[in-house]
Visitor: 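Here's a structure for you.
When reading the values below, keep in mind they use all heavy atoms of this one structure, side chains included, and skip hydrogens, waters and symmetry mates. Position 1 is the first residue of the sequence; numbering continues from there.
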Amino acid sequence: RPRHHPRIYVERFGGKLLTVFHDAPGPAPPEPQPVVITLEGLSGKSARELLSGRTFVVHDGQIELSLAPEAVAVLEIE
């Protein structure tokens, strides 16, 4: 579940995959938006973004990342 951003969408696939989409139609700020995802019903120590290869630490059940407008992240919880 993303926190405090109505245009961030998260979908869960299976037990360990999440897709995160920053829907920003029309005039949107050019800079990435911070996103905090709370892992509900999932546990892990890190999340690997499968498109870029970046790894994010899971801290207190949350993942923090940034997404540019119209960007997608595919996260695998590890």
Visitor: For the CG atom of Asp23 and the CZ atom of Arg7, what is their distance to the nearest 0.5 Å?
Guide: 5.5 Å
Visitor: So do the side chains of Leu65 and Leu75 get within less than 4.5 Å of each other, counting heavy atoms only?
Guide: yes
Visitor: Are any non-hydrogen side-chain atoms of Lys45 and Val57 less than 4.5 angstrom apart?
Guide: no
Visitor: Evaluate the side-chain proximity of Gln62 to Ile37: yes if any heavy-atom separation is below 4.5 Å, no if none is.
Guide: no
Visitor: What's the shortest heavy-atom distance between Thr55 and Ser46, and which atoms?
Guide: CG2-CB, 3.9 Å
Visitor: So, Glu78 and Arg48, do they make that salt bridge, N to O below 4.0 Å?
Guide: yes
Visitor: Locate the shortest heavy-atom distance separating Pro32 from Ser66; write the atom from each residue and the value.
Guide: CB-CB, 3.8 Å
Visitor: Would you check if the side chain of His22 reaches a backbone N or O of Ala68 as a donor-acceptor pair within less than 3.5 Å?
Guide: yes
Visitor: Among Ile77, Val20, Leu42, Thr38, which residue meets the side chain to side chain contact (heavy atoms under 4.5 Å, CB included) test with Ile63?
Guide: Ile77
Visitor: Grab the two heavy atoms, one from Glu49 and one from Val72, that are nearest each other, plus how far apart they are.
Guide: OE2-O, 4.4 Å
Visitor: Can you find a pair of side-chain heavy atoms, one from Val36 and one from Glu64, that are under 4.5 Å apart?
Guide: yes
